[in-house]
Amino acid sequence: MKYAADFRRIARDALRGRWFLAVIVSLVAALLGGAGSEGPEIEFHFGESGANLDLGFANQTIFSTGGGFDPRIRAVLAGGILYVLLAALVLAAVYLLLGSVVSVGYSRFTLQLVDQEDAGFEQLFQYFSYWKNAVCTRLLKGVYIFLWSLLLVIPGIVASYSYAMTGYILAEHPEMSAGEVISASKEMMSGNRWRLFCLHISFIGWAILCSFTLGVGSLWLTPYVNISEAAFYREVSGTERHTISYDIF
């Protein structure tokens, strides 16, 4: 049985000579909603001081009107709120579709790096013919995690780890239905949730260091974490492929 250090070593082996590719692909996948990104967020706030507009990405505010809008255009905003909501719904649907497909493609990309195979941007978009399965799986996973979270925080966290392998399973078996993928991940993670949690916790030192780089370090940390998780999937799914390792550290 492998431990967190073993999965990190496999990830470093996979990334040797391909760090730049992994960083760029991870960044593109995140921007498209396929690598843990929440996507761009536009929020309107109405208060006594006026109406404010905030533009955020990845839970960070990147632009704000600050002091608020001029009161004279507040009525225009209120009158056009229906159109804003409709536009937001359309954008959300497009982002859900694109992010779901790219998420599965990104899982394929990380698996190919772990397997020491050729990998590139084309993996991100190769599952559009299975978009229904990708979207349904993402939605069902989100619903289950949300329902478990209603019980308390801990059940929600446990559920998120139970369904953590859905992207990898779908990447290798795109014909499977959402229910089948969810069930397969739950079975696969039975007895392995704590191990994956420990793997994630093992990166906390790197995450703290990245916080001092204004997020720049996260560009390298993200593929490192994701490829380590892909190596974890290879073990718990019993699909490991033997490769030669040259990492002596």
Side-chain angles (χ1 to χ4, degrees), residues 3-4 7-8 26 29-43 54 56-61 88-89 91-93 95-104 106-107 110 132-171 173 176-208 210-211 215 218 221-237:
Y3 297 94
F7 297 122
R8 295 198 307 271
S26 295
L31 291 174
L32 296 177
S37 171
E38 294 289 333
E41 301 170 352
I42 300 176
E43 298 181 352
D54 296 329
F57 184 82
N59 297 319
Q60 299 294 324
T61 300
L89 289 174
L91 289 175
Y95 200 77
L96 172 63
L97 169 61
L98 187 59
S100 299
V101 172
V102 170
S103 177
V104 179
Y106 184 65
S107 295
T110 58
K132 290 183 180 179
N133 288 357
V135 170
C136 289
T137 298
R138 193 170 201 176
L139 286 174
L140 188 60
K141 175 183 175 181
V143 168
Y144 281 169
I145 292 175
F146 171 74
L147 292 177
W148 278 107
S149 298
L150 293 178
L151 299 178
L152 278 177
V153 175
I154 299 301
I157 295 175
V158 172
S160 68
Y161 276 92
S162 294
Y163 311 134
M165 299 293 104
T166 54
Y168 304 107
I169 295 171
L170 202 56
H173 306 282
M176 292 176 65
S177 68
E180 291 172 334
V181 174
I182 292 291
S183 297
S185 178
K186 185 177 179 180
E187 180 179 355
M188 191 178 296
M189 291 301 293
S190 178
N192 290 309
R193 288 185 290 265
W194 176 251
R195 295 178 62 212
L196 181 58
F197 177 78
C198 290
L199 173 60
H200 289 161
I201 288 297
S202 72
F203 290 99
I204 193 169
W206 290 107
I208 292 173
C210 287
S211 67
S218 297
L221 180 60
T222 296
Y224 188 17
V225 174
N226 290 331
I227 295 169
S228 296
E229 188 176 283
F232 178 88
Y233 165 79
R234 277 285 178 241
E235 194 214 43
V236 297
S237 65

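From a predicted model like this one, the values you see are computed outputs, not experimental measurements. Along the sequence shown, the residues carry numbers beginning at 1.
- From C198, atom SG reaches atom OH of Y3 across 11.0 Å, with rounding to the nearest 0.5 Å.
- Taking a 6.0 Å sphere around CD1 of I204, one finds it holds 12 or fewer heavy atoms contributed by other residues, nucleotides or ligands.
- V102 approaches L32 most closely through the heavy-atom pair CG2-CD1, 4.1 Å.
- Taking both residues in full, the closest heavy atoms of R195 and F232 are given as CB-CE1, 3.9 Å, listed atom of the first, atom of the second, then distance.
- Atoms CZ and OG, from F197 and S202 in turn, are 10.5 Å apart once rounded to the nearest 0.5 Å.
- The two residues T166 and V181 make their nearest non-hydrogen contact at O-CG1, 3.6 Å.
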Output, in order, the C-alpha distance, side-chain angles, deciding distance and verdict of side chain to side chain contact (heavy atoms under 4.5 Å, CB included) for Y224 and R8. CA-CA 8 Å; Y224 188 17; R8 295 198 307 271; 3.4 Å; yes

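- Contact annotation: the side chain of H200 approaches that of Y161 to within less than 4.5 Å [non-hydrogen atoms, C-beta and beyond].
- Here the CH2 atom belonging to W206 is positioned 13.0 Å from the OG atom belonging to S211, to the nearest 0.5 angstrom.
- Y95 and L31 make their closest contact through OH-O, 3.3 Å (heavy atoms, listed as atom of the first residue, atom of the second, distance).
- Considering CD of E235 and CG of N192, their distance stands at 7.5 Å, rounded to 0.5 Å.
- A heavy-atom distance below 4.5 Å is found between the side chains of L221 and F203.
- Proximity of R234 to Y168: side-chain heavy atoms (C-beta onward) are nowhere separated by under 4.5 Å.
- For the atom pair NE2 (H173) and CG (N133), the distance works out to 13.0 Å, reported to the nearest 0.5 Å.
- The shortest distance between side-chain heavy atoms of M165 and S237 does not fall below 4.5 Å.
- Nearest heavy-atom pair across I145 and S160 is CD1-CA, 3.7 Å.
- Here the closest heavy-atom approach between residue P223 and residue S26 is recorded as CB-OG, 3.4 Å.
- Of the N and O atoms on the side chains of S103 and R138, not one donor lies less than 3.5 Å from an acceptor on the other residue.
- From T110, atom OG1 reaches atom CD of E229 across 8.0 Å, with rounding to the nearest 0.5 Å.
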